[in-house]
Number of protein chains: 2
Amino acid sequence: MEKTKEKNPHTWGECTKSILPVRDALEVLSGKWKLPIIISLMFGNKRFSQIAKEVPGITDKMLSKELRELESNDLVKRTVYDSIPVVVEYSLTEYGHSLEIVIKTLRDWGVAHRKRMMVVE
Amino acid sequence: MEKTKEKNPHTWGECTKSILPVRDALEVLSGKWKLPIIISLMFGNKRFSQIAKEVPGITDKMLSKELRELESNDLVKRTVYDSIPVVVEYSLTEYGHSLEIVIKTLRDWGVAHRKRMMVVE
DNA sequence: GTAAGTAGTATACAAAAGGATAGTGAGAAA
DNA sequence: TTTCTCACTATCCTTTTGTATACTACTTAC
């Protein structure tokens with residue numbers, strides 16, 4: 001164990017120092033659906049079925065599950081209006097909005113990646 | 001189907017236009033290990049067992065599998081030196097380095113997230 | 001009276017991701 | 001001579017993720 005440190009005294013600490021926060025972020029954002037849902041809410045508050053329409057391919061079960069997780073991480077807020085019929089509105093919290101820059105960076109990379117794939121394949 | 005467009009003519013197109021590239025990016029970077037492995041290689045070329053030591057918790061099986069996927073996506077390069085014993089070196093391709101900004105953004109958010117969690121909990 | 005929209009839940013299942021453990025075959029070090 | 005390192009592979013297992021389908025209870029529109 002000491003051997004690693006001796007061989008790469010600089011790298012080892014720097015490396016885990018970078019890995020751990022990225023891992024924290026991944027834990028909250030992991031999976032196929034959380035970021036797409038957040039993106040959909042970045043364009044305005046939405047009701048359950050509206051999100052379901054805007055996130056291509058998601059099922060009710062997944063949407064319900066992911067919204068619950070996002071809510072418990074304080075990224076999304078759920079508001080119930082007791083009108084008739086009852087309406088439930090989802091919105092991004094301020095904290096949720098702090099992901100905007102992450103999403104923008106990821107989207108830019110994704111655009112470049114798609115371009116590249118089309119050239120190669 | 002037309003109804004959705006009528007209700008949110010602006011949102012619908014903008015929204016999927018953002019979701020699709022993010023989804024492309026997620027497909028290549030998905031899972032618990034790919035970004036940590038890339039981070040470890042951002043700090044220099046490494047051999048298999050060195051990466052295994054620097055990415056906390058990864059098993060040989062996962063490392064092997066993820067490296068193969070990263071290689072097939074042209075993010076990582078595998079070089080075999082036929083010395084004795086044989087040495088295999090992994091490095092980031094130029095394309096792999098294009099993820100640096102994505103990782104930096106994600107890491108910054110992760111640092112803030114960890115701080116926030118410690119205050120709340 | 002039947003369908004559609006409201007926001008989901010229940011159940012069953014399949015597929016993918018990840019973990020634990022062991023083994024390979026070579027050289028090199030004790 | 002037994003162990004160690006190197007770069008993996010193989011097998012089995014559990015957990016997570018995702019899909020499909022059906023269902024609730026209420027209201028409005030046709």
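Each chain gets a letter, A, B and so on, in the order its sequence line appears, and its residues count up from 1. All figures in this text were calculated on a predicted structure; none of them were measured in a lab.
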Query raised in the report: Rounded to the Å, how far apart are M62(A) CE and dA14(C) P?
Result: 16 Å
Query - Phosphate OP1/OP2 of dT9(C) contacted by R68(A) side-chain N/O (<4.0 Å) - result: yes
Requested in this report: Write down the distance between CG (L63(B)) and P (dC8(D)), rounded to a whole number of angstrom.
Outcome: 9 Å
Requested in this report: Specify the separation, in whole Å, of atom CZ of R47(B) and atom P of dT5(D).
Outcome: 13 Å
Requested in this report: Report, as yes or no, whether the 6.0 Å neighbourhood of atom CD on E89(B) holds more than 12 heavy atoms from other residues, nucleotides or ligands.
Outcome: yes
Query raised in the report: Counting only heavy atoms not in E27(A), do more than 12 fall under 6.0 Å of its CD?
Result: no
Query raised in the report: For dT16(D), does OP1 or OP2 lie under 4.0 Å from any side-chain N or O of K32(B)?
Result: no
**Report entry** Exam field: side chain K104(B) to backbone E100(B), donor-acceptor pair closer than 3.5 Å
**Finding:** no
Query raised in the report: Rounded to the Å, how far apart are D82(A) CG and dA25(D) P?
Result: 20 Å
Query raised in the report: Taking only N and O in the side chain of T59(B), is any of them less than 4.0 Å away from OP1 or OP2 of dG19(C)?
Result: no
**Report entry** Closest nucleotide among dA7(D), dA7(C), dG18(D) to the V88(B) side chain
**Finding:** dA7(D)
Report summary line: Atom CG of N45(B) and atom P of dA7(D) are separated, to the nearest Å, by 13 Å
**Report entry** Below 4.0 Å: OP1/OP2 of dG5(C) and any side-chain N or O of S49(A)
**Finding:** no
Query raised in the report: Does a nitrogen or oxygen in the side chain of W33(B) sit under 4.0 Å from OP1 or OP2 of dG19(C)?
Result: yes
**Report entry** Pair of N/O donor and acceptor under 3.5 Å linking dG18(C) base with K65(B) side chain
**Finding:** no
Query raised in the report: What is the distance from CD of Q50(B) to C1' of dC8(D), rounded to the nearest Å?
Result: 16 Å
Query - Distance in angstrom units between I58(B) CD1 and dA7(D) P, rounded - result: 15 Å
Report task. Fit a plane to each ring of F48(B) and Y90(B), take the angle between them on a 0 to 90° scale, and name the class: parallel (under 30°), tilted (30 to 60°) or perpendicular (over 60°). Result -> tilted
Report task. Indicate, with a heavy-atom threshold strictly under 4.0 Å, whether Y81(B) touches base, sugar-phosphate, or nothing. Result -> nothing
Query raised in the report: For DNA chain C, whose closest nucleotide is more 5', that of D60(B) or that of F48(A)?
Result: F48(A)
Query raised in the report: Could a donor-acceptor pair under 3.5 angstrom be found where the side chain of K61(A) meets the base of dG8(C)?
Result: no
Query raised in the report: Could you state the CG-P distance from L26(A) to dT17(D), rounded to the nearest angstrom?
Result: 13 Å
Query raised in the report: Can a side chain N or O of S64(B) be found less than 4.0 Å away from OP1 or OP2 on dT9(D)?
Result: yes
Query raised in the report: Are any of the side-chain heavy atoms of V76(B) and T93(B) separated by less than 4.5 Å?
Result: no
